[in-house]
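Please find one structure pasted underneath; my questions will follow.
In this text the structure is predicted, and so the values were computed from the model without any measurement. Remember, it's 1-based here, ligands and their atoms both numbered in the order they're listed.
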Amino acid sequence: MKVTGTTGLKGTVNIPGDKSISHRSIMLAGLADTPVKITNFLHAADCWSTIDCMRALRVRVEQGDAGVLTVTGNGFYGLREPHEVLDAGNSGTTIRLMTGLLGVQPFFSVMTGDASLRKRPMARVITPLARMGINVKGREQSRYAPLAILAAEQIQGIEYDMPVASAQVKSAILLAALFANSPTIVTEPMPSRDHTERMFETFGIPVKREGNSIIIEPVQKVDAPEQIDVPGDISSAAFWLVAASIIPNSQLVLVNVGINPTRTGILDILTQMGADITVTNERWSGREPVADIIVRSAKLQGVTIGAEIIPRLIDEIPVLTVAALFAEGQTIVTGAEELRVKETDRLKAVVLELGKMGAAIDETADGLIINGPQKLNFASCNSHHDHRMAMALAVAGAAAQGVEIEEPDCVKISYPDFFSILAALRQE
Ligand SMILES: O=C(O)C1=C[C@@H](OP(=O)(O)O)[C@@H](O)[C@H](O)C1
Ligand SMILES: C=C(OP(=O)(O)O)C(=O)O
């Protein structure tokens with residue numbers, strides 16, 4: 001995929017559905033006994049992995065006009081033993097959340113994923129689930145998938161202090177907690193995205209929050225809504241926010257962007273860098289706040305991105321690195337060691353691939369140091385089969401002298417139309 005430099009981006013982008021919320025909508029609707037309609041669902045490979053897993057557990061998922069889904073479950077105890085190995089593909093969210101949900105079922109199941117997913121840490125979910133009485137085993141002393149999930153007997157609620165801020169670990173525990181015989185208290189070191197908690201409330205499940213703790217009482221059933229409208233994904237909007245900021249003569253209107261405060265670190269950091277961002281038309285999409293966002297080119301300054309904000313922009317670091325290369329002064333990222341266990345080691349990958357374009361970025365144990373502005377040249381760069389890398393490289397190329405992206409197809413994981421939208425917004 002070749003992306004050439006452009007003199008400006010202009011237009012309106014309808015932001016595709018939130019990936020995190022799309023996964024959760026299918027899982028919760030699959031526990032209901034009435035049909036749930038889901039609009040603006042993200043039709044991307046990761047969310048389809050969740051659909052395929054839930055279908056294998058005998059949940060009906062039908063696709064109607066405009067990609068609207070209708071999910072029909074068989075009730076709270078209605079999942080059935082799958083005949084096949086469940087494949088989470090490239091999706092960490094699918095395998096980790098599903099492990100919580102499968103661990104409490106009275107049947108055996110096996111989950112696996114692609115080569116990248118089979119290298120990602122799974123002990124972080126297996127350890128707390130084991131304390132609940134859930135029996136999951138994996139490869140290499142239960143560190144990696146494939147995972148074998150044994151039929152559950154008695155599930156206890158636990159009090160768990162999470163060692164890392166991870167919405168996936170938190171959500172796996174909270175899903176299992178619904179089926180336990182006593183309450184569960186999960187405490188996070190820093191608040192991670194709370195879409196599971198909000199989705200629980202949408203399904204009539206009470207959620208108690210005390211500081212950084214979440215308390216869940218077991219339930220016997222869920223009260224499903226008739227419809228869920230998935231907000232647009234701010235992690236997808238992030239590529240346009242950065243691209244329009246650093247490419248002169250740009251103005252974009254991003255429509256229907258989720259602005260859940262556990263996700264808006266990118267808006268805070270770009271604003272601190274001097275970006276010209278206007279959040280308008282704030283409204284609710286169910287229990288999730290959404291808005292339209294106008295972004296115009298601006299002169300950016302370097303910024304410090306510390307551990308406390310990382311969970312609120314965890315997936316945005318690759319594209320923020322590109323922003324930092326175009327900003328005046330130093331940008332320092334710390335506390336971002338979780339990036340090493342994503343689809344690829346994203347700290348290493350940004351240094352290596354943007355380095356091919358001439359960028360000098362220092363890699364530290366838990367972050368990056370970028371001195372801007374830097375001049376980038378045309379180069380061939382590899383996505384490392386990581387969707388966020390592919391899109392960050394495209395933004396860098398469009399803002400500079402162009403880029404050739406090897407292995408660009410991975411954008412199908414979260415944003416299948418990314419390249420065609422980029423082409424449509426270009427001014428020359
Ligand atoms: O819960 C979720 O939907 C997600 C949580 C984050 O992962 P971690 O929980 O591993 O931080 C994030 O990086 C991922 O893209 C989606
Ligand atoms: C890390 C990501 O997703 P997941 O963990 O679900 O694979 C991502 O989308 O950037």
In terms of side-chain heavy atoms, does Thr4 have a donor or acceptor partner in Arg426 at a distance below 3.5 Å?
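Present: a donor and an acceptor within the cut-off.
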Minimum-distance protein heavy atom relative to atom 3 (O) of ligand 1:
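Ranking protein heavy atoms by distance from atom 3 (O) of ligand 1, first comes Ser20 OG, 2.7 Å.
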Passing option when Glu338 is tested against Arg120, Arg346, Arg124 for salt bridge (Lys or Arg N to Asp or Glu O under 4.0 Å):
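When Arg120, Arg346, Arg124 are each tested with Glu338, the salt bridge (Lys or Arg N to Asp or Glu O under 4.0 Å) holds only for Arg124.
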Heavy-atom contact under 4.0 Å between Ser91 and ligand 2?
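A heavy atom of Ser91 does come that close to ligand 2.
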Counting only heavy atoms, which portion of Arg193 has something under 4.0 Å from ligand 1: side chain, backbone, both, or neither?
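Only the side chain of Arg193 comes within reach of ligand 1.
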Do me a favour and list the nearest non-hydrogen protein atom to atom 9 (O) of ligand 1 with residue, atom name and distance?
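Nearest neighbour among protein heavy atoms for atom 9 (O) of ligand 1, to 0.1 Å: Ser166 OG, 2.7 Å.
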Are any of the N/O atoms in Lys342 less than 3.5 Å from those in ligand 2?
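No: no nitrogen or oxygen of Lys342 is under 3.5 Å from one in ligand 2.
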If you measure from atom 10 (O) of ligand 2 to every heavy atom of Met389, Arg388, Gln168, which option wins on shortest distance?
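Nearest option to atom 10 (O) of ligand 2, by heavy atoms: Arg388.
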Which ligand 1 atoms does Asp315 reach within 4.0 Å, using its non-hydrogen atoms?
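By the 4.0 Å cutoff, the relevant atoms are 12 (C), 13 (O), 14 (C), 15 (O).
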For the CD atom on Glu84, are there more than 12 heavy atoms of other groups (residues, nucleotides or ligands in this structure) within a distance under 6.0 Å?
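No, because the 6.0 Å sphere around CD of Glu84 holds 12 heavy atoms or fewer from other groups.
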Where ligand 2 meets Arg346 - atom numbers and elements under 4.0 angstrom, heavy-atom basis
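Near Arg346, the atoms of ligand 2 are 1 (C), 8 (C), 10 (O).
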Give me the residue, atom name and distance of the protein heavy atom closest to atom 4 (P) of ligand 2.
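Ranking protein heavy atoms by distance from atom 4 (P) of ligand 2, first comes Gly92 N, 3.5 Å.
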We want to know whether Glu406 and Asn382 form a side-chain donor-acceptor pair, criterion being a heavy-atom distance below 3.5 angstrom.
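There is such a pair (donor and acceptor under 3.5 Å, judged by atom type) between the side chains of Glu406 and Asn382.
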Is it the case that Asn40 and Asp229 place a side-chain donor and acceptor less than 3.5 Å from each other?
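Side-chain D/A pair, Asn40 to Asp229: absent.
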Run down the list Arg120, Arg24, Lys342, His23 and name the one with the heavy atom closest to atom 2 (C) of ligand 1.
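Minimum heavy-atom distance to atom 2 (C) of ligand 1 goes to Arg24.
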Could you list the atoms of ligand 2 found under 4.0 angstrom from a heavy atom of His387?
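This gives 8 (C), 9 (O), 10 (O) as the contact atoms.
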To check your reading of the model: name the closest protein heavy atom to atom 4 (C) of ligand 1, its residue, and the distance in Å.
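Minimum-distance protein heavy atom for atom 4 (C) of ligand 1 reads Gln168 NE2, 3.5 Å.
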Taking atom types as modelled, is there a side-chain donor on Ser192 or Lys170 under 3.5 Å from an acceptor on the other?
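Side-chain D/A pair, Ser192 to Lys170: present.
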Structural part of Asp315 in contact with ligand 2, heavy atom criterion under 4.0 angstrom:
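The part of Asp315 near ligand 2 is the side chain, not the backbone.
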Is the number of heavy atoms from other residues, nucleotides or ligands under 6.0 Å of Arg131 CZ greater than 12?
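Yes, the 6.0 Å shell around CZ holds more than 12 heavy atoms from other groups.
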In the protein, which heavy atom is nearest to atom 2 (C) of ligand 2, and how far is it?
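Protein heavy atom with the smallest distance to atom 2 (C) of ligand 2: Glu343 OE2, 3.1 Å.
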Side-chain ion pair, Glu288 and Arg263, N-O less than 4.0 Å:
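Salt bridge between Glu288 and Arg263, a charged N being under 4.0 Å from a carboxylate O: no.
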For a 4.5 angstrom cut-off between non-hydrogen side-chain atoms, does Trp240 reach Ile293?
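Trp240 vs Ile293: side chains apart.
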For atom 6 (O) of ligand 2, what is the nearest protein heavy atom, given as residue, atom name and distance?
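Among all protein heavy atoms, the one nearest atom 6 (O) of ligand 2 is Thr93 OG1, 2.5 Å.
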Electrostatic pair Asp315:Arg193 at N-O distance under 4.0 angstrom
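Salt bridge: yes.
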Of the side chain and backbone of Asn90, name the one, both, or neither that has a heavy atom under 4.0 Å from an atom of ligand 2.
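The part of Asn90 near ligand 2 is the backbone, not the side chain.
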Among Glu316, His23, Arg96, Lys19, which one has a heavy atom closest to atom 9 (O) of ligand 2?
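Going through Glu316, His23, Arg96, Lys19 one by one, Lys19 has the nearest heavy atom to atom 9 (O) of ligand 2.
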